[in-house]
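Okay, so here's the structure we're looking at.
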There are 2 protein chains.
Amino acid sequence: MKPIDAFSRLTQALKVLPNVGPKSAQRMAYQLLQHKRDGAEELLAALQQALLQVRHCQQCNTFCEGDLCHVCADETRAQTRLMIVHMPADVASMETANCHDGLYFVLMGQVNPAQGMDLSHIALEKLVARLQNSAVEEIIIATNFTAEGDATAYVLAELFKNLPYRVSRLARGMPLGGELEYVDAGTLAQAVYERRQLK
Amino acid sequence: MKPIDAFSRLTQALKVLPNVGPKSAQRMAYQLLQHKRDGAEELLAALQQALLQVRHCQQCNTFCEGDLCHVCADETRAQTRLMIVHMPADVASMETANCHDGLYFVLMGQVNPAQGMDLSHIALEKLVARLQNSAVEEIIIATNFTAEGDATAYVLAELFKNLPYRVSRLARGMPLGGELEYVDAGTLAQAVYERRQLK
């Protein structure tokens with residue numbers, strides 16, 4: 001008998017995916033091999049292609065296959081406004097919301113305050129290089145409103161402290177369609193604290 | 001620009017996994033390419049090996065690489081008792097519980113009553129072939145206690161109706177450590193209905 005059979009190896013390997021434990025991994029392996037052979041073949045090919053071809057945009061650090069991603073390559077975008085986000089999915093969300101006409105910088109990580117504010121997970125050096133001799137005038141910090149996102153925003157704010165950029169962070173408050181009864185206390189407190197003057 | 005880039009292709013391909021929607025797939029692709037390159041390489045290799053090597057046990061239909069799985073190859077198992085389950089994970093659970101010393105048959109699917117009781121998803125023909133000229137005397141139906149599991153159990157019970165096997169199904173009732181206050185009404189009703197005589 002071999003030390004580990006192919007099915008167990010696949011189950012083990014699937015646990016690399018976020019939020020996939022032993023039970024889900026076992027179910028995934030079963031689905032792939034029994035009911036989704038075509039999908040499994042496509043996943044194999046896609047993973048192979050991605051591992052070979054996906055690189056980082058030289059300017060904004062997001063995933064892309066050429067030197068520049070399609071946002072950075074788009075000359076109609078406002079070159080003076082730079083939005084800093086955590087990961088490529090955030091760029092996609094922002095583009096769907098269609099509310100930012102500038103460029104992005106993708107940190108590809110967050111600072112984790114529970115693990116000692118290690119800065120090696122975020123592409124700070126690449127960000128500094130990006131800003132050198134650039135047309136950027138305004139920086140919008142669009143990290144998450146979590147402990148990690150707050151810590152990352154703090155690090156960025158410190159970095160820009162003595163630099164001549166206008167720096168802002170996304171507003172906090174009630175979500176659209178939010179009802180006071182159901183929103184969490186922290187959000188509610190923030191909404192009151194940062195209340196908007198009407199007259 | 002290509003019709004679909006490698007990152008989007010991987011995100012699309014990951015949606016073949018059960019319970020993975022667009023958002024999770026995007027996050028998985030990001031994790032694989034940014035933070036878990038080694039894990040992604042291992043997943044690639046494991047998937048490739050599994051797609052090539054994993055076959056079905058000729059006797060019990062579970063996944064294995066040779067002709068017989070390790071349970072069927074074990075001659076100390078009771079050849080007269082056959083437990084019928086839905087998928088390989090169920091065999092693993094049963095073996096962990098260590099309460100069945102016989103053999104298994106894995107249906108590799110369930111009958112779905114909501115989709116017209118299509119029998120093509122379960123390995124009925126292979127089961128009939130398995131039973132021909134076998135030493136099996138007792139059959140334990142160990143399908144799930146869901147609509148699909150109940151329907152599958154019904155199909156099996158019908159199949160064995162006029163055949164000379166002792167046939168049973170797993171008991172229903174309160175789970176170990178279950179408290180009446182928290183158990184669902186259906187389970188409670190079943191536990192009362194199938195109550196065990198003590199004296």
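A, B, ... follow the sequence lines: proteins, then strands. Residue 1 opens every chain. The basis for the numbers below is simple: all heavy atoms, side chains too, and nothing from hydrogens, waters or symmetry mates. The structure presented is a predicted model; accordingly, all values stated were derived computationally and were not measured.
- Across all non-hydrogen atoms, the minimal contact from A:Val16 to B:Gly39 is CG2-CA, 3.6 Å.
- Nearest heavy atoms, A:Gln49 versus B:Arg9: OE1-NH1, 2.6 Å.
- Of the residues considered (B:Ala73, B:Ala92, B:Ala89), B:Ala89 shows the highest number of contacts with chain A, using heavy-atom pairs under 4.5 Å.
- For B:Gln12, no part lies near chain A; criterion is any non-hydrogen pair under 4.5 Å.
- Using a 4.5 Å heavy-atom threshold, the side chains of A:Leu17 and B:Lys36 count as separate.
- Both the backbone and the side chain of A:Tyr30 come within contact range of chain B, with heavy atoms under 4.5 Å apart.
- Residues A:Tyr154 and A:Leu170 fall within the same hydrophobic cluster, defined by Ile, Leu, Val, Met, Phe, Trp and Tyr side chains chained together at heavy-atom separations under 4.5 Å.
- Using a 4.5 Å cut-off between heavy atoms, B:Ser93 touches chain A through its side chain atoms alone.
- Residue B:Lys15 does not touch chain A at all, counting heavy-atom pairs closer than 4.5 Å.
- Distance CD/A:Gln53 to CG/B:Leu10: 12.0 Å, rounded to 0.5 Å.
- Relative ring orientation between A:Phe63 and B:Phe7 is described as tilted, the plane-to-plane angle lying within the 30° to 60° band.
- More than 12 non-hydrogen atoms from other residues, nucleotides or ligands lie less than 6.0 angstrom from CG of B:Asp101.
- Few gaps surround CG on A:Asp184; more than 12 heavy atoms of other groups in view lie less than 6.0 Å from it.
- Cluster annotation: B:Met83 is connected to B:Phe145 through the hydrophobic network of ILVMFWY side chains, with a link wherever side-chain heavy atoms come within less than 4.5 Å.
- Each of B:Val136 and B:Leu68 belongs to its own hydrophobic cluster when Ile, Leu, Val, Met, Phe, Trp and Tyr are linked at side-chain heavy-atom distances under 4.5 angstrom.
- When atom types are taken as modelled, the side chain of A:Gln48 and the backbone of B:Leu44 share no donor-acceptor pair closer than 3.5 angstrom.
- The SG atom of B:Cys64 sits 9.0 Å away from atom CG of A:Asp5, with the distance rounded to the nearest 0.5 Å.
- The backbone N or O of A:Leu51 lies less than 3.5 Å from a partner atom in the side chain of B:Arg37, making a donor-acceptor pair.
- Looking at A:Ala45, both its backbone and its side chain come within 4.5 Å of chain B, counting heavy atoms on both sides.
- When the side chains of ILVMFWY residues are joined at heavy-atom separations under 4.5 Å, either directly or via intervening members, A:Leu43 and A:Leu52 end up in two distinct hydrophobic clusters.
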Next item on the list: Please assess A:Leu47 against B:Leu47 for the test side-chain contact (heavy atoms from CB on, under 4.5 Å), listing each intermediate value before the final yes or no.
Entry: CA-CA 10 Å; A:Leu47 187 56; B:Leu47 187 56; 5.5 Å; no
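- With a 6.0 Å radius and a threshold of 12 heavy atoms from other residues, nucleotides or ligands, A:Asp38 has its CG atom at or below the threshold.
- Side-chain contact between A:Met28 and B:Asn19 is absent, with no heavy-atom pair separated by less than 4.5 Å.
- Counting heavy atoms of neighbouring residues, nucleotides and ligands inside a 6.0 Å radius, atom CD of A:Glu125 does not exceed 12 of them.
- Within the 4.5 Å cutoff, side-chain heavy atoms of B:Met87 are placed close to those of A:Arg27.
- Of the N and O atoms on the side chains of A:His121 and B:Gln34, not one donor lies less than 3.5 Å from an acceptor on the other residue.
- Here the CZ atom belonging to B:Arg55 is positioned 13.5 Å from the CG atom belonging to A:Leu33, to the nearest 0.5 angstrom.
- Heavy atoms of B:Gln31 lying under 4.5 Å from chain A belong exclusively to its side chain.
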